[in-house]
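Let me begin by presenting the structure, written as structure tokens, before commenting on it.
Note: hydrogens, waters and symmetry copies are ignored here, and every other heavy atom, side chains too, is used.
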Protein chains: 4
Amino acid sequence: MSKKIKRIGVMTSGGDAPGMNAAIRSVARTCAFHNIECVGIYRGYEGMIEGDFTELTARNVKGIINKGGTILKSARSKEFRTADGRKKAYATLTANGIDGLVTIGGDGTFNGALIFNKEYGFPVMGIPGTIDNDIFGTSHTLGYDTALNTVVDCIDKIRDTASSHNRLFFVEVMGRDAGHIALNVGIGAGAEEILIPEEDLGLDRLLESLRRSKKSGKSSSIVVVAEGDKIGKTVFELKDYVEENMTEYEVRVSVLGHMQRGGPPSCFDRVLASRMGVKAVESLMEGQSNFMVGLVSDKIELTPLENAVKGKSEINKELIRVSDIMTT
Amino acid sequence: MSKKIKRIGVMTSGGDAPGMNAAIRSVARTCAFHNIECVGIYRGYEGMIEGDFTELTARNVKGIINKGGTILKSARSKEFRTADGRKKAYATLTANGIDGLVTIGGDGTFNGALIFNKEYGFPVMGIPGTIDNDIFGTSHTLGYDTALNTVVDCIDKIRDTASSHNRLFFVEVMGRDAGHIALNVGIGAGAEEILIPEEDLGLDRLLESLRRSKKSGKSSSIVVVAEGDKIGKTVFELKDYVEENMTEYEVRVSVLGHMQRGGPPSCFDRVLASRMGVKAVESLMEGQSNFMVGLVSDKIELTPLENAVKGKSEINKELIRVSDIMTT
Amino acid sequence: MSKKIKRIGVMTSGGDAPGMNAAIRSVARTCAFHNIECVGIYRGYEGMIEGDFTELTARNVKGIINKGGTILKSARSKEFRTADGRKKAYATLTANGIDGLVTIGGDGTFNGALIFNKEYGFPVMGIPGTIDNDIFGTSHTLGYDTALNTVVDCIDKIRDTASSHNRLFFVEVMGRDAGHIALNVGIGAGAEEILIPEEDLGLDRLLESLRRSKKSGKSSSIVVVAEGDKIGKTVFELKDYVEENMTEYEVRVSVLGHMQRGGPPSCFDRVLASRMGVKAVESLMEGQSNFMVGLVSDKIELTPLENAVKGKSEINKELIRVSDIMTT
Amino acid sequence: MSKKIKRIGVMTSGGDAPGMNAAIRSVARTCAFHNIECVGIYRGYEGMIEGDFTELTARNVKGIINKGGTILKSARSKEFRTADGRKKAYATLTANGIDGLVTIGGDGTFNGALIFNKEYGFPVMGIPGTIDNDIFGTSHTLGYDTALNTVVDCIDKIRDTASSHNRLFFVEVMGRDAGHIALNVGIGAGAEEILIPEEDLGLDRLLESLRRSKKSGKSSSIVVVAEGDKIGKTVFELKDYVEENMTEYEVRVSVLGHMQRGGPPSCFDRVLASRMGVKAVESLMEGQSNFMVGLVSDKIELTPLENAVKGKSEINKELIRVSDIMTT
């Protein structure tokens, strides 16, 4: 039988994402609600090893629900990948009376938590925080919905120039392994073509599609390209290829970059973060461990961390079809 | 067996909502994709009676996916509520060769469609478009997600003043019959209390809650009130009551009003509208009628229009609990 | 000759405005640049009397340049209006070694500073912070540019609904004594009529103008009304009057309210605040007192506080003419 | 004595900028106000040669004041640079009864207008439209204020990640020849260093400054780099140099790109565009030619087009000093 949890540590790790602060706030307030202590761990596993901690109360997490980034900062820790590093981390946690851990992050974060639990039996719960939405076991990761709005807003702006000048734009968006962002913003921004890692469109089909667009009367075009797209090595090579083969187009490239990660979270992400924080803390209190809190069919549910890490977040095939129809 | 659909009419009716234009575009493009003609009907049932129509092609719906409001305009039609009005509408539709109808709107819109179908057997499909999210058979109506972001952004701004002056704000948000907006933005904006039509908090509990807030060290507070809340007759009466009973607070009221309905749709609403438009047209093509297209557990599904109209879109009880914990 | 200033106090007073935090940061950093100490005074004159202070260093004002409201909070102080209150304030300031004061606010704030200087010879400099832009001696007050953008964005949203429903909207914006906001957002949002305190349009001319609009083919209209407009007692009475006299219009009212005061400051306001903070501190260092820092013909200049308080910020007549032409 | 103007052509040329549509609307409405006809010329000088025209009335420019880009589209015309091209343009204009021209654009646009006027005595007026603010004779070009807000908003988002990860970001912003954008957004976003074409900071001073930042306790830094900065050939080379010489920093680059040009214009740009359009049309009516309408000390004034083209828009030295103090 599990001991009663008295003091929960919460940390963020990996790339930051909007909604992380809302999740930290939720963890802290849920702890306060249940009269459990809450400790913020700075800089992910790095701070866990070093004991870089701060007490989190219901009051000192106020005013962060609408802030991007993470007040606990994030870092990648080489030391935690070593057995020695994890030993230190365990010593630091126990020395500080922490008996449960909520980790907010992605695959790497959860892998660390799993090994740590395996070695020391330390109760861990994961909350998926990454704009890429590439985690199995949740329809939405924290930050994903916000990023979609940020990117669509950027492409709306680029569209102003594309339309004014009859140009073709390649817009690179985040998503090294997953095309979720590209596919959704492509539909949302009315892109003429969408290139994602999951599908190999092929250069010829791209050219053919652009020629069809031109013929159908479109004078400007926007092609959304996920970072991890398989066609070209880079979006700049794509541009060169198209310019060589379609001299009728003046081509421009825009790499949206890090700005996609920031900004105040959307209402959806704030509510999701609040729900996930409650579930993570209460699951630890019930003696659960090694689960990720996720959104499944609009409900908050638990998925074994192992599945979250191994599983693949599949692209929605229906959306590919919708995209094809929309670019008629 | 159903005849092959050749010419689909699309209209918006009732209050406008962000995403309606994206849905119109999707209907038009899906028709074009399937070589079906598409006719835009202006001003809802009013324009249907009068024959106020416009051809919609794949090209002339471009540039509207990111626009709030509805290019087809909306109106309430008294005449369509009479048998005579509907008779005229049927005559106009058939005279124009229209053999299927997609109506975008809410309860009233769907009721009209149902009666019309009952009387004339005219194939109709509904798409839920209203910011209130008060329709059964879909987790999200078009415009709801956008409105949540608009409102949360407004309350973030009001919070700046509330915090700077240690004030208590009552913020009235839309939702005459449903507290979906109030409950979600209340959590998202970190409100201290949320008043919704579905729950009768009672004035005493409100005062008690505000007193507890004050005691716990909160110097400013925001109370989100749904239009249809049951406690006070108006948000201004609420203010007076609290000022009389809690002289320690300087109270302000903000009624957000119509601005909540407008603005560019969020990425979510644009994608949802695109998906719904495809489904509506293809369902008509398959010979279906009297259904509403909805989002159920992240999937596009059909619900009988009758259920959509009669059913109740229940508030998520989990969210009420999350809200209670967050305001610790 | 003036003594060398060693320790400057900075405070915000009156209604909060975006850019106040950027000004506080600028004052703190300019002090640090010149090796002067900087003290933040909470809650305006109230905190000055009570000694509610905090040290401000170059580092602890980081991350506030883009935040609305004021981290030093604001309050109205009845006690400071009494000779006794000011005596206490002087005692507290000198006991804390503060020998110069930067006050950020409006008329009331500056009046307090003037009296305080008159009685105790305490060096004071003012920075105009109010969204209303109703201060003489500066073309722009802090927060005014931000408020214009916030309001124009709101009216753009309301326009979506107005156009979709062919409605007439009265939108009330801030400006009790000055029509700067109403006049500029009216032009910026393409309003059909603008009612400001400085001009008495008269109800008859308003009706006539609306009738002309309707005739010229406009199906929807937006009338921007400054709080302090002279025609109607309230915007709701205006609505009633128009509805009685122009039954062809369905009229709606939207009072934008406090949200106009908040939000991240525009780039203009952040830069202006930074410039004003530098000038305020360096002027105190040069032995100046009783001036307000203002923007005059794009240059930072000093105006005697007395003039700032007594003078009137005139409406730009050219804009009224531009507005008349634009509503053709 | 000049003939009475009866029919004015308006066009946009060069890079698009927010506010161009507001200026087109203003030109059209001012013409309508004075009972002059107004013709929109598509694709700049290209469309002028080809006669690609559209009638602009007070009503058909509605709903564009808040749209980025230009409804008249823009293009660069090689043909207009030839005497033959200009001959054709003159023939087309006169054949269409156009007797005055308002050109909205930058240097290149104005040069074309000057030569055209010299050769054919055709009355021309210029309106400065470019986000770079690099035109002499106006404190603000159309689109500049909007771009500042767009860029500051982007850097705020990047700051979220920079702070969360203790990173150094180089953010490249537009401004090939002028550092106006970089300098203002650098101050507005609280950048630690700003690199502009007008000043050669030198690589050593940059390193020194970054080292000082690090020492002073800053854990993250943002360096704003204007496209046309003189230090490095590209922002990527800068990154490499700093990473080699300051291994304590993890450096990231973000090139904001074309998104800076788009989006709804700020209230300032909408009002400025409205004022400039009025002045441009009324100046033509008064028989003026070869002037640019500009904002000088907050007033709308005329500057000879020749001066606008030859003069240099100087950087405000006060801002450089403010920037130095703010990065203390």
With respect to chain A, which residue among D:G68, D:C154, D:P18 yields the maximal number of heavy-atom pairs within a distance under 4.5 Å?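 Between D:G68, D:C154, D:P18, the count favours D:G68.
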
Are there any donor-acceptor pairs closer than 3.5 angstrom between chain A and chain D, and if so, which ones?
unit_1 : atom_1 : unit_2 : atom_2 : d
A:D16  : N      : D:H165 : NE2    : 3.1
A:D16  : OD1    : D:T161 : OG1    : 3.1
A:D16  : OD1    : D:H165 : NE2    : 3.3
A:D16  : OD2    : D:T161 : OG1    : 3.0
A:T70  : N      : D:S164 : OG     : 2.9
A:K73  : NZ     : D:S163 : O      : 2.7
A:K73  : NZ     : D:N166 : OD1    : 3.3
A:S74  : N      : D:S164 : O      : 2.7
A:D160 : OD2    : D:G263 : N      : 2.7
A:T161 : OG1    : D:D16  : OD1    : 3.1
A:T161 : OG1    : D:D16  : OD2    : 3.0
A:S163 : O      : D:K73  : NZ     : 2.7
A:S164 : O      : D:S74  : N      : 2.7
A:S164 : OG     : D:T70  : N      : 2.9
A:H165 : NE2    : D:D16  : N      : 3.2
A:H165 : NE2    : D:D16  : OD1    : 3.3
A:N166 : OD1    : D:K73  : NZ     : 3.2
A:G263 : N      : D:D160 : OD2    : 2.7

I'd like to check the side chain to side chain contact (heavy atoms under 4.5 Å, CB included) partners of [X]; sequence neighbours left out, ordered by chain and number.
X      : result
A:A273 : A:A22, A:A23, A:L142
A:A182 : A:V173, A:I194, A:I196, A:V224, A:A226
D:A89  : D:M48, D:I49, D:F80, D:F116

